[in-house]
Each structure stands twice: as C-alpha cells, then as structure tokens.
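Just so it is clear, the values below take in all heavy atoms, side chains as well, and ignore hydrogens, waters and symmetry mates.
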Amino acid sequence: MGTRAALHAPPDVTAPAEPAAGSGRPAGSWRPRPVEIVFALTLAAAALRFATLDVQSLWLDESATVVLVHRGFSGMLSHLSSSESAPPLYYVLVWAWTKLFGAGAVGFRSLSALVGTLTVPVLYLAGRRVSERAGVWAAALAACNPAMYYYSQEARCYALLIFFSAVAFVLWQRALAAPDARRLALWAGASILAVLTHYFAAFLFIPEALILARRLGWRRVLAPAGAVVLVGVALLPLAISQHENGRKSEWIEASSLISRIAETAKEFLVGLYGPLEILSAAIAGLLAIGALLLVLRDSDERARPVARDTAIVAATAMLIPLLAALSGALDVFDGRNVIADWVPWAVLLAIGLGAAGARHAGAVLGVGMCAVSLAVIAATNLIPAYQRDDWRGAARALTPLRLGSRVLVSESSSSIPLSVYLPGVQALAAPTVITRELDFIALRVRRTGRSPLAPAPPTSPPSGFRLAGVRRSETYAVSRFVATRPRTLRASALRRMSGESTAEVMLQR
C-alpha cells in the first residue's frame, strides 16, 4: 500500500518548478522573482487591511466579542457557552492580544488583520505545489478577495480559522507528496488549531483525512487523524451547550437553504455586501468559471493530480454541511460557517490561472478577478451604506445625556453594540419605564442584490411627548422625543411604535 501510494502521489516540491528569474534572458533585463512578488503582495495586503481598520463601526457580533473579552479570563471562559458559537482558542488569543495592543476597535481587529495578512504567503505555498505561477496567483487572490479582506477586519474568529485551515491544507499537501510521521503530525497539529478556532474546520479535515487514508492506508493516518478527532470529541459538551442556547443555527434557519447557497457563492466571489453585487458577482463568477476551464483544458500532468485532490477537498467540504442541512440533522450551512473552504477553491482557481498551456489567458482572467475584487473593496469603503451596521455613528448622533436617564429603542440585541459606544446602556427588564426623553434608533436595511433601504425611525410622538428632532445619515437615523415631566411608558407600546416586535428597549443612565 505504501509503495503504491508513493507511485501515485504528487511529487514533492523543494525548488521552483520553473527556471530561475533571469535565466536565458538578455543581460540587463530584470523581472521580479516569485518570492519578491509574494512579498509585495503581502505588504499590499497588510496596507489594505491595517490602513482601513477603523473605517467601519463595530457591528453586533464584534461587539459581543468586545463585551466578552472585557471580562476577566475565567469569566470570559465561563460565559463562552452563553454568548458565543465557537471554541475558545480565538477568544483566549484576542484576550491576551488586547492586553498588549489595547481594547479599542483597532486593538481587537488588528489580530484578525495580522493573520489575514499572513494567509497571503500561506496561499502562495499551497499554489506552489503546482508551480510558482500558481502560487503567485493564489497569493494575489488571498490579498484582494473582498471576503478575505472583510474577515481580516472583523473582531471574530473567522480570519484565524482561514489562516489555520490554509496552514493545515499546505501541510496536508506535503504529507501527500512525501508522507512521513513528522509531516502527518504537523498536518494534525494545524488541523487541531483550526478545530479549536471553529468547529466547522472539520469540513476540511474530513476529506483531507480520507484522501490521506486512501493513499497511505489507515494505519499510518490513524494516530494523527485520531488526535484531531479526540480534540473534537472534547469540544462536544461546549458545542452542545452553545447549540442548545440557540447560538448556532437559529438565525441561519430563518433563510431558505437555496438563498444561503447563492449567498455563499456570492460571498466567496465578491464578499458579503457591496454595491452592484449581482453584477460584480456575475463578472467574477464568469472569470472563475474561465479559470476552472483552464484547469481542465490547459493544466499539465504535474498540475492535474494536485487539482483533482484540491477539487475533491473543496467539493466535499461544501457537500458535508449541505447534506446535513438537507437531511434535517443539523442545518448550519452559511457562508461564514464554510468560509474555510475558500482556501481550496482559491488554490483550484490559481492552478487554472497559472496553467502552463494558457499563460496569457490565465493572466487576463487573474487580473480581471483582482480588479473586480479591488473595485468592490474600494466602493464599499467609499459608500457607508454598504458597510457594517453603524452603531458608532448612531451613538454619536445622540445628544448628550442631560435629564439623568433616557430610554432608547432599536432593533433586537442592540444594547450589545450600543453599550460599547455609550456608557450606562442596559436592556430594560421591566415591562414599564419612567422617562422624560425617548430616542428611537434605526439603521439602514441591507437587501441582497439591491440598494439598502434608508433608515426610518418613528416620528409621531407618544402621548405626553413632542418630537425634538431627527438626525439622519446614510447608515442611521435617530428620532428624539421629550416630555415636560416624567412619563410612564410600556415597553410593548414602544416596540409597536418601532414597527418591530423583537425591538429592544434600553435604559441609559
């Protein structure tokens, strides 16, 4: 079995597959070496991510991270099951990180920006298994893809998940090419880190383990794969507790599976939300299909085995959660939950872009994909309505607190992000409240494939109040009502005024 595996495994690459830069060229000509290009791409990715790190407000999920990590270390871990839906590794790392770099938005997000930047050279190594050209294209896609950019600027675990999944993928490639105990152990170690970051790293681990077992035999793979499985089993009590608390799939199942499949494809191509997203996704999709056709038509004998294995991992990692959702066993299919699968898909596209038989066509397609990606990123940064929910702007739009306390009404769970930007905000537990000031906060409403709806807070005052003013922007609107003396208000009536039965009523002191 071992001899047979060695005959069919892709060759190990320890040196560039193409001639070194400068060989056979006239004296005086110069072209950057692949490593130099990747270094430049990594610097560009870092500049893109860090320079715009504080352009957008923290949104709901990021605010939950901030609130959780502001606890003491033991308090953070004890609240993980009730407030989050992922294992503890990211939260442990970001807790320590913010002690060094601060607990503001930049401090929290900078960890994701760093690992998102480091993913660029890791993707180069993954593509380099075929050729230097494929490696460069994989790095370029990682540097400018809107989804990779988005998660690199989010104080959540997804950038770390993508990074560890990419490292595990590279080590899996090397274990296939030249299997030995050390390489298998390194692959298992990276897979463990990925699973400790997010449960759904298992979607990639499963096909990787199966391919290794088929090539090398279960005896050689059992120990390293078994170590990953044991870690997964150890995480099961936490995962079950989080699922029972509704942290995993309640919001996912609110959308149809078909719409989530389409959203995931769009997210992989052009990110989560942006202007003209149907047009940009269609263009990027056509370019991606062209790259996949180059894999089939123009890749050489060296590339095809790697492309086949990569395609199997990419397709299987998408199929596992899809089948689980269709069966009704566990519906967790969502772009965020399968975002680690972007790694093998990007490598597969890079193999096509770097195909030996289609250098010009690959270059045209690759430049087109990068141009679309950068255009989406630029447009999103320039148009606030397509950015994350602007709780920071809404908080700044509120007048200074003068009457001792006030009531705020906004969408469900809004007390979490508002508490980050406004001191003294807490959810109202009582059915009634007494106040002289009442503020309704509305955010723009995102619509897939269409322009967002403008924020529309109520402007008709409740009994005993008068409208004191409305502040508006692209991303939020705040309507303020005041009374001459304290008035009793029912929380249920305030929710009806807001137009949302799940609206949250808050008190700021």
Side-chain angles (χ1 to χ4, degrees), residues 59-61 85-86 145-148 150-151 154 156 158 161-162 165 198-204 206-207 239 242-243 246-293 310-346 348-349 369 372-373 376 380 385-386 388-389 411-412 444-453 500-502:
W59 72 292
L60 173 60
D61 283 13
S85 59
N145 177 266
M148 297 301 101
Y150 180 93
Y151 289 117
E154 186 175 66
R156 300 292 286 170
Y158 299 101
L161 166 68
I162 295 163
S165 297
H198 201 297
Y199 304 109
F200 301 143
F203 297 154
L204 282 177
I206 291 171
Q242 290 171 330
H243 181 69
R247 299 298 304 174
K248 270 198 175 299
S249 59
E250 187 178 71
W251 60 274
I252 295 175
E253 294 169 358
S255 300
S256 70
L257 183 58
I258 294 296
S259 67
R260 283 181 274 139
I261 292 171
E263 281 280 351
T264 298
K266 187 265 298 181
E267 181 176 330
F268 276 36
L269 291 167
V270 292
L272 282 80
Y273 193 48
L276 301 175
E277 60 181 348
I278 291 180
L279 176 61
S280 61
I283 295 172
L286 290 173
L287 295 170
I289 290 171
L292 293 177
L293 291 175
T310 301
I312 291 172
V313 170
T316 306
M318 197 67 71
L319 196 59
I320 291 171
L322 185 57
L323 291 177
L326 289 171
S327 69
L330 181 64
D331 189 355
V332 294
F333 190 92
D334 175 75
R336 285 179 175 268
N337 289 339
V338 298
I339 192 61
D341 197 24
W342 184 90
V343 171
W345 282 113
L348 191 61
L349 292 178
M369 292 177 70
V372 171
S373 294
V376 170
T380 303
Y386 291 94
R388 293 174 176 87
D389 292 341
E411 62 188 53
S412 175
R444 61 89 180 91
V445 179
R446 287 171 46 165
R447 299 186 298 172
T448 300
R450 295 180 290 172
S451 300
L453 289 175
E500 293 186 30
S501 60
T502 59

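Taking the salt bridge (Lys or Arg N to Asp or Glu O under 4.0 Å) definition, one finds that Asp389 meets it with Arg444, sequence neighbours left out. Legend: residues meeting side chain to side chain contact (heavy atoms under 4.5 Å, CB included) with Arg450, ordered by chain and number and at least two apart, are Arg447. With sequence neighbours left out, Glu267 forms a salt bridge (Lys or Arg N to Asp or Glu O under 4.0 Å) with no residue at all.
Between Ala288 and Leu269 the shortest heavy-atom distance is CB-CD2, 4.1 Å. Nearest heavy atom pair, residue Phe333 against residue Arg260, reads O-NH1, 2.8 Å. Taking all atoms of both residues into account, the shortest heavy-atom contact from Val270 to Val372 is CG1-CG1, 4.2 Å.
By the 4.5 Å heavy-atom criterion applied to side chains, Thr380 and Pro146 are not counted as neighbours. Counting only heavy atoms from C-beta outward, the side chains of Ile339 and Phe268 approach each other to under 4.5 Å. For the pair Ser451 and Tyr386, the minimum side-chain heavy-atom distance is below 4.5 Å. Under the 4.5 Å side-chain criterion, counting only non-hydrogen atoms from C-beta, Thr310 is in contact with Pro344. Within the 4.5 Å cutoff, the side chain of Tyr151 has heavy atoms near those of the Leu272 side chain.
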Task: side-chain contact (heavy atoms from CB on, under 4.5 Å) between Leu60 and Glu411, worked out - done: CA-CA 11 Å; Leu60 173 60; Glu411 62 188 53; over 6 Å; no
Task: Check against side-chain contact (heavy atoms from CB on, under 4.5 Å), Asp334 and Thr264 - done: CA-CA 6 Å; Asp334 175 75; Thr264 298; 5.7 Å; no
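Counting only residues at least two apart or in different chains, salt bridge (charged side-chain N to carboxylate O under 4.0 Å, His left out) contacts with residues 272-282 comprise Lys266-Glu277. Sorted by first and then second residue, the side-chain hydrogen bond (donor to acceptor under 3.5 Å, both in side chains) pairs with a member in residues 279-291 form an empty list; sequence neighbours excluded.
A cation-pi geometry, defined here as NZ or CZ lying under 6.0 Å from the six-membered ring centre and within 45° of its normal, holds between Arg446 and Tyr273.
At distances below 3.5 Å, not a single donor-acceptor pair connects side-chain atoms of Glu263 with backbone N or O atoms of Gly335.
Using a 4.0 Å cut-off between charged side-chain N and carboxylate O, Arg336 and Asp61 make no salt bridge.
The CG atom of Asn337 sits 7.0 Å away from atom OG of Ser85, with the distance rounded to the nearest 0.5 Å. The distance from atom NE2 of His198 to atom CD1 of Ile162, rounded to the nearest 0.5 Å, is 10.5 Å.
Note on ring orientation: taking the six-membered ring where Trp is involved, the planes of Phe203 and Phe200 are parallel (angle under 30°, cut-offs 30° and 60°).
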Give the table of side-chain donor-acceptor pairs shorter than 3.5 Å for residues 313-324, with sequence neighbours excluded, one pair per line with atom names and distance.
{"unit_1": "Thr316", "atom_1": "OG1", "unit_2": "Ile312", "atom_2": "O", "d": "2.6"}

